[in-house]
Amino acid sequence: MVLRRLTDGVARGIEGAVTTVSETFFEPVIRLGVTGLSRAGKTVFITGLVANLLDRGRMPQLRAHAEGRIDAVFLQPQPDDTLPRFDFENHLAAILGDEPRWPSSTRSISELRLSFRVRPSGMIAGLTGPRTVHLDIVDYPGEWLLDLALLEKSYAQWSEETLKRIAPRPEARDFMATARAADGSLPLEETQAQALAHSFTGYLQAARRSGWSDCTPGRFLLPGDLAGSPVLTFAPLPLPAQTPRNSLWREMGRRYESYKENVVKPFFREHFSRIDRQVVLVDAMGAIHAGPQALEDLRRTMAEILSAFRPGRNSFLSTLLLGHRVERILFAATMADHLHHTQHPRLTAIMEAMLREARDRAAFAGSLTAAMSLGSVRATVEEEVTRHGETVEAVRGRLLATGRQVAMYPGELPTDPTKILSPAREGADRWLDAEFALMTFAPARVILKPGEGPPHIRLDRAAEFLIGDRL
């Protein structure tokens, strides 16, 4: 273990030195990580961002474009031959087709490279020609990032915390009955271990569908080629009075440690440690619609995710990163197009308040942070409707399930974020003086003019924050 840490440290030091020299004298590379929890819209975000960087007619807030310094943007083969390519073309075709639909969610890590030909600004503008800047976009599931917290917990700690947290949830009823009936002191029976893991996975899937955010271990939901392997065949159990060798409890603990060593650490070693800029996408509207407990769960989960950006707290990451840090982090509430634009500042304020603790810690570590609300591909138009005799500001779109055009008034978000966050912290079961509606809209049918990407909300501001200083 010590030898591996030393080897990782030396390798990271050499790689960091080579990267610094290459970027200084040749073509700089920005590695942008894009992650988010289930249904936060990573695939749509990346597709909308790339489409609007290629055709920048809707990107006035991207300063290099507004100043006319971007000569060209084009896709290039990605630098990592071992990663799947992000399927941009097919995802965009789905959104812009004759019967527009949302693309399928990505199930694992993927990558895409955009290259910019940019003319310099300022005093050196007339002295040098255009330069090339590469943007490598790395898409990975937010559930994988949540797994970082497991590195600091023993199997006993993780089991106790998990069982206590999920016990009140109706989605966990079947699994809790199975776990309580299991005697961890008895010898391992593989069929029982598989049944426990299967039941726990069923809980995680149901919890994700119900809007809960703390669904770890992440690979239980996205197993890929690990499906059925022992490294994914464990579950939290009550601590028995005795834990003899070869007992169910001991084997579950061994597999939990194997998961950390063989699944969690390689991801951070091979991918996360190289990220320069990061987007964390949040389905805040979905959590608000699900109720106070889902919103509080999201707040806690996002704080835990942000622990990944504080490597000093984790010895593994401190050794791995060797001083490298994510320079800029954007916390983005997606689906802003489900609200009238007059409510966007309120959604952003809720995001800022919900993530304040996590933001402050990330900022303390030297990262520049921002929060905003955005719509990666706009699916609605705004209009006024009459509701209970009053005129309210609503949005209209095409329902995903039926294709019918409907107007939606989602409710009035409070101007003071504490009005919605305090009931969530206090464990309220429902909103007392408000209700929030949410519909699932399909992409709008649009005809793009030459040079325009799909309509969006604030993707240009997001791009300026994330990469504008390097263009």
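Owing to the predicted nature of the structure, the values given are computational and were not obtained by experimental measurement.
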- Message: With rounding to the nearest 0.5 angstrom, report the CZ to CD1 distance, Phe88 to Ile137.
- Response: 9.5 Å
- Task: Would you please indicate if the ring centroids of Phe234 and Trp249 are separated by under 6.0 Å?
- Result: no
- Query: Considering residues, nucleotides and ligands other than Glu160, do more than 12 of their heavy atoms fall under 6.0 Å from its CD?
  - Reply: no
- Student check: side-chain heavy atoms of Arg85 and Leu75 closer than 4.5 Å: yes
- Leu92 versus Pro454: any side-chain heavy-atom pair under 4.5 Å? yes
- Compare every heavy atom of Arg458 with every heavy atom of Met372, then report the nearest pair and how far apart it is. SD-O, 4.1 Å
- Item | Partner of Pro28 by side chain to side chain contact (heavy atoms under 4.5 Å, CB included), out of Leu135, Val133, Asp276 | Val133
- Can you say whether the rings of Phe200 and Phe175 are parallel (under 30°), tilted (30 to 60°) or perpendicular (over 60°)? tilted
- Atom pair CG (Asp416) and CD1 (Ile420), whose distance is rounded to the nearest 0.5 Å: 11.0 Å
- Task: Decide, yes or no, whether a salt bridge links Glu257 with Arg254 under the criterion of side-chain N to carboxylate O below 4.0 Å.
- Result: no
- Could you pull out the closest heavy-atom pair between Leu150 and Tyr259, with the gap in Å? CD1-CE2, 3.9 Å
- If only atom types and distance count, is the side chain of Lys42 paired as donor or acceptor with the main-chain N or O of Ser105 below 3.5 Å? no
- Query: In a check of side chain to side chain contact (heavy atoms under 4.5 Å, CB included) between Trp144 and each of Ile109, Val263, Thr35, Thr216, which one passes?
  - Reply: Ile109
- Shortest non-hydrogen contact between Ala227 and Leu232, atoms and distance: N-CD1, 4.3 Å
- Test: Arg300 and Glu296 ion pair at under 4.0 Å: yes
- Checking Gln78 side chain against Leu83 main chain: does a donor-acceptor pair fall under 3.5 Å? yes
- Task: State plainly whether the residues Arg255 and Glu190 are in salt-bridge range, i.e. N to O under 4.0 Å.
- Result: yes
- In Å and rounded to the nearest 0.5 Å, what is the CZ to CD1 distance from Arg277 to Ile30? 6.0 Å
- Query: Are any non-hydrogen side-chain atoms of Lys265 and Leu151 less than 4.5 angstrom apart?
  - Reply: yes
- Message: Could you check whether any side-chain N or O of Thr380 sits under 3.5 Å from a backbone N or O of Asp337, counting only pairs where one atom can act as donor and the other as acceptor?
- Response: yes
- Item | Validation row: Arg169, Arg165 side chains within 4.5 angstrom (heavy atoms) | yes
- Over all atoms of both residues, closest heavy-atom pair of Leu374 and Ile457: CB-O, 3.1 Å
- For residues Gln293 and Asp429, is any side-chain donor paired with an opposing acceptor at under 3.5 Å? yes
- Check: Pro244 and Ser185 side chains under 4.5 Å, non-hydrogen atoms: yes
- Begin with the C-alpha distance, continue with both residues' side-chain angles, and end with the deciding distance and a verdict on salt bridge (Lys or Arg N to Asp or Glu O under 4.0 Å) for Arg209 and Glu171. CA-CA 10 Å; Arg209 288 193 299 268; Glu171 297 86 0; over 6 Å; no
- Does the side chain of Arg208 reach to within under 4.5 Å of the side chain of Tyr203, using non-hydrogen atoms? no
- Residues Ile95 and Pro103: closest non-hydrogen pair is CG1-CD, 3.8 Å
- Message: Working to the nearest 0.5 angstrom, can you tell me the gap between His344 NE2 and Leu413 CG?
- Response: 9.5 Å
- Query: What distance do Asp136 atom CG and Glu111 atom CD have between them, rounded to the nearest 0.5 Å?
  - Reply: 5.0 Å
- Do Leu248 and Leu186 come within less than 4.5 Å of each other through their side chains, counting heavy atoms only? no
- Task: Might you point out which heavy atoms bring Gly218 and Asp147 nearest each other, and give the distance in Å?
- Result: N-OD1, 3.0 Å
- Message: So does Pro100 get a backbone contact from the side chain of Arg398, meaning a donor-acceptor N/O pair under 3.5 Å?
- Response: yes
- Item | Pairwise distance CE(Met354) to CG(Leu295) - rounded to 0.5 angstrom | 5.5 Å
- Task: Report, as yes or no, whether the 6.0 Å neighbourhood of atom CD on Gln242 holds more than 12 heavy atoms from other residues, nucleotides or ligands.
- Result: no
- Query: Does NZ or CZ of Arg328 lie under 6.0 Å from the centre of the six-membered ring of Phe465, at an angle within 45° of the ring axis?
  - Reply: yes
- Query: Do Ser373 and Thr348 meet the criterion of a side-chain donor-acceptor pair at a distance under 3.5 Å?
  - Reply: yes
- Task: Would you please indicate if the ring centroids of Phe86 and His91 are separated by under 6.0 Å?
- Result: yes
- Message: Could you walk me through whether Thr233 and Gln194 satisfy the side chain to side chain donor-acceptor pair (under 3.5 Å) test, starting with their C-alpha distance in whole Å, then the side-chain angles of each, then the deciding distance to 0.1 Å, before giving a yes or no?
- Response: CA-CA 6 Å; Thr233 309; Gln194 292 174 358; 6.0 Å; no
